J.: 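One structure, as structure tokens, below. Some questions next.
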Amino acid sequence: MSNLLITNIGELVTSAGNRPIPAGEINLSVLRDAAVFISNGKIKEIGPSNTLEEKYPESFTVDVDGKTVIPGFVDPHTHLIYAGCRHEEFLEKLRGASYTEILKKGGGINSTVRATRSASRNELLRLALERARIMFEFGTTTIEIKSGYGLNYDDEKKILEVADELREKVPQDIVVTFLGAHTVPFDFYDRRKHYIELLLKKMIPDFRGLAEFFDIFIEDGAFSPEEARMILKVAKESGYYLKVHADQLNNLGGGGIAADFGAISAEHLDYVSEESLEKMGKSGTIGVLLPTSTFFLRLKKAPPVELFRKYHVPMALATDHNPGTSPFYSMQSAMVMGIFNFGMKPEEAFVAATLNAAFSIRRGGVVGSIEPGKKADLLILDTHSWVHLFYEPDKNHVEYVIKNGEFVYERVGNRLESNDKFYS
Ligand code: NIG
Ligand code: FE
């Protein structure tokens, strides 16, 4: 199917532009009675249904009956590759234990490190595939994946290679980040300096070919701001683009450090200071907000969205999928929680989950909006208006996923041939 015309779109919703959209700036168009013409996997033209139907009469045409079409979601922060689960620790946390207490006792991230080190490549691949499938059904067509549960040379390499292998196995586009600086692993507790040396001298230089981004967790129980500066300097010199897990549980100035190093993004930012946001505004560092993680950790804080607007910091959203702080899959949930828990405007949340998310992983020129020249990664929603994404907040609204101009996923639901009373 090299030419495809999608017509009779009730609302075609997209932002547009060649830069991340600053918080507070409304950049969203809602075109009614619209159509999209797709050729060779790319968006060629958008416009009124009748105009494009006349212009492209020969193309394979799909009439979507007034439904909503939006760009595929971009999930720019996931820890998709891991083994094991942490449900017992989850119960401990519900009984009052803190995330950092568990981490410092050798649990938390370290418990996933143990399970991931013991898992074979095939097992990790199988688990990640299943997670990517669920995300696809929620409409995610591009995924960033971080390593960070190996935390030694061989196991970090194993995870990065699994991420690479995944590219051939899933419909999504994959962007890979090396997070060897997730925490100091349990077997290096009395050799902290050695772990940092291993990062600086071996892993950072050797893994550049496997990862586009470098990320570090600056936090009590992970890396200090001083260590982070030293490590980020080497990572930058080695040619990685930078990301930082910043100000998630305390304000350690992580957002400001990200800005100082010209990082593409700083992520979490529940405790970010005004000073850091001012720096991020100047450096153009995108704030990737992770409201499902904030929710799951039951943090009392939320990113100060009003200050993001004041300093024109672009906001992106992600699921932060991981087994400790965010076992979530859906960018729809991230948007809903961004609105209800963080006070984002619906337009801001939409841009954050699409165009700004794409820019936060350096893909803003290829995905994240419905514009001529971009990949035809599109979702057909089951509703006449995009507002239903938030108005019916716990429904998966994705009915079809189109990736590179091909229909890849169709939710059978009401079309299922079945004797079941729901479907007859
Ligand atoms: O993004 N904050 C650090 N890393 C993950 C959690 C990792 C874990 O607990 O396993 C996060 O929240
Ligand atoms: Fe994370």
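Read the numbers this way: they start at 1 and go in the same order the structure lists the ligands and their atoms. Computed from a prediction, not measured in an experiment: that's the story for all the values here. No hydrogens, no waters, no symmetry mates; every other heavy atom, side chains included, goes into these values.
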J.: For atom 9 (O) of ligand 1, grab the closest protein heavy atom and report residue, atom and distance to one decimal in Å.
T.: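 Nearest protein contact, heavy atoms only, for atom 9 (O) of ligand 1 is Tyr99 OH, 2.5 Å.
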
J.: May I ask you to say whether Arg191 pairs ionically with Glu197, meaning some side-chain N is under 4.0 Å from a carboxylate O?
T.: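 Looking at Arg191 and Glu197, the cut-off is not met.
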
J.: Has Ser29 got a side-chain atom pairing as donor or acceptor with Leu31's backbone, closer than 3.5 angstrom?
T.: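 Not a single qualifying donor-acceptor pair exists.
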
J.: Phe295 vs Phe328 aromatic rings, parallel, tilted or perpendicular, using cut-offs 30° and 60°?
T.: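 Ring orientation, 0 to 90° scale: perpendicular.
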
J.: Go through ligand 1 atom by atom and flag the ones less than 4.0 Å from a non-hydrogen atom of Arg86.
T.: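 Taking each heavy atom of Arg86 in turn, ligand 1 has 8 (C), 9 (O), 10 (O) under 4.0 Å.
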
J.: Give, for atom NE2 of His245 and atom CZ of Phe217, the distance between the pair rounded to the nearest 0.5 Å.
T.: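 Nearest 0.5 Å value for the NE2-CZ distance: 6.5 Å.
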
J.: Closest non-hydrogen protein atom to atom 2 (N) of ligand 1, residue and atom name please, with distance?
T.: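 Going atom by atom, the protein heavy atom closest to atom 2 (N) of ligand 1 ends up being Gln248 OE1, 2.7 Å.
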
J.: So which atom in Ala318 and which in Asp75 form the shortest heavy-atom distance, rounded to 0.1 Å?
T.: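 That closest heavy-atom pairing would be CB-OD1, 3.4 Å.
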
J.: Give the contacting part of His268 toward ligand 1: side chain, backbone, both or neither, where contact means a heavy-atom distance below 4.0 Å.
T.: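 Side chain only.
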
J.: State the atoms of ligand 1, each with its element, that fall below the 4.0 Å cut-off from a heavy-atom position in His245.
T.: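 By the 4.0 Å cutoff, the relevant atoms are 1 (O), 2 (N), 3 (C), 4 (N).
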
J.: Considering only non-hydrogen protein atoms, determine which one is nearest to atom 11 (C) of ligand 1 and report residue, atom name and distance to 0.1 Å.
T.: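 For atom 11 (C) of ligand 1, the nearest protein heavy atom is Asp320 OD2, 3.2 Å.
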
J.: What atoms of ligand 1 come within less than 4.0 Å of a heavy atom belonging to Thr325?
T.: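 Contacts of ligand 1 toward Thr325, numbered from 1: 6 (C), 9 (O), 11 (C), 12 (O).
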
J.: Heavy-atom distances under 4.0 Å decide this one: backbone, side chain, both or neither, for Glu267 against ligand 1?
T.: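 Under 4.0 Å from ligand 1, Glu267 contributes no heavy atoms.
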
J.: Could you identify the single nearest non-hydrogen protein atom to atom 4 (N) of ligand 1 and state the distance to 0.1 Å?
T.: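 Going by distance alone, atom 4 (N) of ligand 1 is nearest to His182 NE2, 2.8 Å.
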
J.: May I ask you to list the atoms of ligand 1 that are less than 4.0 angstrom from any heavy atom of Tyr149?
T.: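 Result: 7 (C), 8 (C), 10 (O).
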
J.: Side chains of Phe207 and Tyr240: closer than 4.5 Å at any heavy-atom pair?
T.: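 Contact flag for Phe207/Tyr240 side chains = yes.
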
J.: Is Glu123 atom CD crowded by more than 12 heavy atoms from other residues, nucleotides or ligands, each under 6.0 Å away?
T.: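 Count over threshold, so yes.
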
J.: Mind listing the protein N/O/S atoms less than 2.8 Å away from the Fe ion (ligand 2)? Waters don't count.
T.: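 As for protein N, O or S atoms lying under 2.8 Å from the Fe ion (ligand 2), they are His77 NE2, His79 NE2, His245 NE2, Asp320 OD1.
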
J.: Testing the basics here: between Thr100 and Asp220, what is the closest heavy-atom pair and its distance to 0.1 Å?
T.: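 Shortest heavy-atom contact: CG2-O, 3.3 Å.
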
J.: Run the ring-centre check on Phe213 versus His77 and record whether the distance is less than 6.0 Å.
T.: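 No, the ring of Phe213 stays outside the 6.0 Å limit from the ring of His77, centre to centre.
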
J.: Run the numbers for me: atoms of ligand 1, each under 4.0 Å from some heavy atom of Gly324, listed by number.
T.: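 Taking each heavy atom of Gly324 in turn, ligand 1 has 9 (O) under 4.0 Å.
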
J.: Have a look at Asp173 and tell me which of Arg363, Arg167, Lys375 forms a salt bridge (Lys or Arg N to Asp or Glu O under 4.0 Å) with it.
T.: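 Only one of Arg363, Arg167, Lys375 forms a salt bridge (Lys or Arg N to Asp or Glu O under 4.0 Å) with Asp173, namely Lys375.
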
J.: Quick test of your reading: applying side-chain hydrogen bond (donor to acceptor under 3.5 Å, both in side chains), list the pairs with at least one residue in residues 340-355, sequence neighbours left out, ordered by first then second residue.
T.: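 Those involving residues 340-355 are Arg309-Glu348.
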
J.: Would you say Ile109 contacts ligand 1, with heavy atoms under 4.0 Å as the rule?
T.: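 For ligand 1, residue contact (heavy atoms, under 4.0 Å) with Ile109 is present.
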
J.: What atoms of ligand 1 come within less than 4.0 Å of a heavy atom belonging to His77?
T.: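 Ligand 1 atoms under the 4.0 Å threshold to His77: 1 (O).
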
J.: Is atom OH of Tyr189 surrounded by more than 12 heavy atoms (other residues, nucleotides or ligands) closer than 6.0 Å?
T.: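 Check passes, neighbour count above 12.
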
